[in-house]
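Accompanying notes for the structure given below.
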2 protein chains.
Amino acid sequence: MSLAHVILGLLQEQERTGYDLKTECFDQCIVHLWPADQAQIYRTLDKLEKQGWITCTVEIQQDRPNRKIYRTTAPGVAELTRWLQTHQPLPTLREPLLAQLHFAAQLPDAAILPLLEQELAARREKLADCEAQRSRVALEAAPVLSDDGATLRQQELRQRVLELMIQREQTYLEWLQELIEAIQAKAV
Amino acid sequence: MSLAHVILGLLQEQERTGYDLKTECFDQCIVHLWPADQAQIYRTLDKLEKQGWITCTVEIQQDRPNRKIYRTTAPGVAELTRWLQTHQPLPTLREPLLAQLHFAAQLPDAAILPLLEQELAARREKLADCEAQRSRVALEAAPVLSDDGATLRQQELRQRVLELMIQREQTYLEWLQELIEAIQAKAV
DNA sequence: GTCTTATATATGATTAGTCATATAGTAGCA
DNA sequence: TGCTACTATATGACTAATCATATATAAGAC
């Protein structure tokens with residue numbers, strides 16, 4: 001399961017609580033990479049702890065609920081390193097809109113077009129989100145110009161990953177727009 | 001659940017058995033659109049039948065196991081039409097390689113490159129598969145030039161869907177190649 | 001004679017992911 | 001005073017998907 005390894009990766013960067021993981025990582029930078037909900041994060045933390053790949057210390061707080069701060073162990077880091085070098089099978093992607101279009105020929109234009117328009121709007125939002133994230137990573141990168149090579153390399157790799165996600169969304173958007181135009185021009 | 005609707009769409013085209021669905025549809029044209037394994041197909045057929053959206057008749061065969069031939073019912077077609085016009089939320093995609101790269105900065109080039117090369121090979125295979133399918137659909141389309149508009153529209157839509165899948169794979173491949181070159185040139 | 005492949009359906013077990021809800025204290029707002 | 005929002009963890013219930021295996025017959029390969 002890759003979620004476990006993503007969490008391992010995040011905890012290796014920095015010790016964190018489940019809440020931190022959710023609000024700082026999964027809701028922000030990891031959303032488009034590996035979405036995970038709160039329940040799954042906490043359950044995976046339990047699993048990782050039982051595996052011995054992470055440990056936790058409880059921080060008792062007076063004004064707020066106690067926090068369980070997790071960090072990686074030596075076997076955890078070893079497992080992460082192993083996973084990082086292991087080729088994963090291509091993800092199976094299921095795109096509802098494409099499945100719909102595969103069967104949509106019988107529908108009139110007036111039924112197909114709204115579907116495409118809604119997808120267009122949703123995709124534009126996602127693209128904007130990825131672009132905003134790219135800007136944030138770029139800003140992070142600036143102050144580290146004098147930093148060590150590893151950090152630079154990380155920024156560069158993450159930028160590239162974002163770049164791909166943005167390009168893919170752009171491809172999708174252009175395709176959608178062309179399809180909409182073709183249908184409007186009665187070419188489909 | 002969209003699998004149910006994909007099956008509904010396939011059965012509306014033509015009556016079929018679970019085995020037909022698996023071998024003719026899901027293993028061939030639907031693989032890259034909505035992969036499904038045999039167990040899931042049979043269980044979904046049961047569910048659709050209980051829902052009253054499909055019915056089946058058993059064909060008794062002497063030399064081979066009996067076949068359960070499924071077809072859509074009127075409520076089933078109505079449900080398909082409703083679904084075809086209902087906007088579905090964007091799929092959440094989880095790409096293991098991108099997740100790995102997000103954390104891969106610490107790895108030496110010699111560890112990252114094989115990962116990228118393996119992905120490249122797998123993606124090339126997938127692209128070839130999609131392109132082969134596009135050729136098949138194009139061949140199907142040729143004899144129907146004189147056919148009714150609905151069939152032409154269907155071919156056109158399916159071509160467009162395939163076109164997008166191909167474009168997305170090409171984008172991915174180009175990105176991968178650029179990344180490999182950048183790493184080899186020590187630019188990352 | 002055995003092994004594999006094709007035809008055909010069914011089910012048990014498990015994992016991964018989602019949705020909802022519970023608990024519990026603090027802080028700010030109206 | 002009550003309402004909402006934030007911090008923080010936990011669990012029950014469920015769906016979707018995957019993996020393995022069972023059953024049964026026939027045809028063809030070696």
Side-chain angles (χ1 to χ4, degrees), chain A residues 1-8 15-28 30-51 54 56-70 88-96 99, chain B residues 1-8 15-28 30-31 33-51 54 56-70 83 88-96 99:
Chain A
M1 206 222 336
S2 292
L3 176 62
H5 294 96
V6 169
I7 290 179
L8 225 37
E15 56 175 43
R16 289 184 159 105
T17 66
Y19 188 79
D20 291 340
L21 284 169
K22 178 61 180 154
T23 55
E24 292 169 22
C25 308
F26 284 94
D27 285 352
Q28 290 176 47
I30 317 288
V31 219
H32 301 298
L33 206 59
W34 207 279
D37 89 329
Q38 176 261 8
Q40 218 188 339
I41 291 169
Y42 280 100
R43 283 192 179 114
T44 304
L45 283 170
D46 287 346
K47 228 186 60 185
L48 282 168
E49 201 188 356
K50 271 174 201 149
Q51 269 278 333
I54 60 175
C56 91
T57 50
V58 180
E59 189 188 301
I60 285 125
Q61 300 191 120
Q62 298 80 9
D63 51 339
R64 289 175 189 176
N66 296 342
R67 290 151 42 93
K68 290 169 80 172
I69 303 169
Y70 292 94
Q88 303 301 125
L90 295 197
T92 57
L93 49 96
R94 297 182 170 91
E95 299 233 27
Chain B
M1 207 222 332
S2 293
L3 176 61
H5 294 97
V6 170
I7 290 178
L8 224 38
E15 56 176 42
R16 289 185 159 104
T17 66
Y19 188 78
D20 292 340
L21 284 169
K22 178 60 180 155
T23 55
E24 292 168 23
C25 308
F26 284 95
D27 284 353
Q28 289 175 48
I30 317 286
V31 220
L33 207 60
W34 205 279
D37 89 330
Q38 176 260 11
Q40 219 189 337
I41 291 170
Y42 281 100
R43 283 192 179 114
T44 304
L45 283 170
D46 287 346
K47 228 185 61 185
L48 282 168
E49 201 188 357
K50 272 175 201 150
Q51 269 279 331
I54 61 175
C56 92
T57 50
V58 180
E59 190 188 302
I60 285 125
Q61 302 190 121
Q62 297 81 10
D63 52 338
R64 286 175 190 177
N66 296 342
R67 290 151 44 93
K68 291 169 80 173
I69 303 168
Y70 292 95
W83 177 76
Q88 303 300 125
L90 296 195
T92 56
L93 51 95
R94 298 183 170 90
E95 300 233 28

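Letters go in sequence order (proteins before strands), and every chain restarts at 1.
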According to the side chain to side chain donor-acceptor pair (under 3.5 Å) rule, which pairs have a member within residues 36-45 of chain A, sequence neighbours left out?
none

Taken to the nearest whole Å, CD1/A/Ile60 to C1'/C/dA24 is 16 Å

Determine all donor-acceptor pairs shorter than 3.5 Å in which one atom belongs to a side chain in residues 15-24 of chain B; sequence neighbours excluded.
from, atom 1, to, atom 2, distance (Å)
B/Glu15, OE1, B/Arg71, NE, 2.8
B/Glu15, OE1, B/Arg71, NH2, 2.9
B/Arg16, NH1, B/Leu10, O, 2.8
B/Thr17, OG1, B/Tyr19, N, 3.4
B/Thr17, OG1, B/Asp20, N, 2.9
B/Thr17, OG1, B/Asp20, OD1, 3.4
B/Thr17, OG1, B/Asp20, OD2, 3.2
B/Asp20, OD2, B/Thr17, N, 3.1
B/Lys22, NZ, B/Asp27, OD1, 2.9
B/Lys22, NZ, B/Ala36, O, 3.2
B/Thr23, OG1, B/Tyr19, O, 2.9

Nearest-Å distance, CG (A/Leu45) to C1' (D/dA8)?
12 Å

Can you tell me how far P of C/dT7 sits from CG of B/Asp27, to the nearest Å?
11 Å

Supply the atom-to-atom distance B/Leu45 CG to B/Ile54 CD1, rounded to the nearest 0.5 angstrom.
4.5 Å

Distance in angstrom units between A/Asn66 CG and C/dG25 P, rounded
11 Å

When rounded to the nearest 0.5 angstrom, what distance separates SG in B/Cys25 from CG in B/Leu33?
11.5 Å

Is the phosphate of D/dT9 approached by A/Thr17 (side-chain N or O, under 4.0 Å from OP1 or OP2)?
yes

What does the B/S/- profile of nucleotides 10-17 of chain C look like, 5' to 3', with a 4.0 Å heavy-atom cutoff to protein?
BBBB--SS

What's the spacing between B/Thr57 OG1 and B/Arg67 CZ if we round to 0.5 Å?
9.5 Å

Interatomic distance where CZ belongs to A/Arg67 and P belongs to C/dT26 [whole Å]:
17 Å

Taking NZ from A/Lys22 and P from C/dT18, how many angstroms apart are they, rounded to a whole number?
10 Å

Where is the tightest heavy-atom contact between A/Ile60 and A/Asn66, given as atom of each residue plus distance?
CA-OD1, 3.3 Å

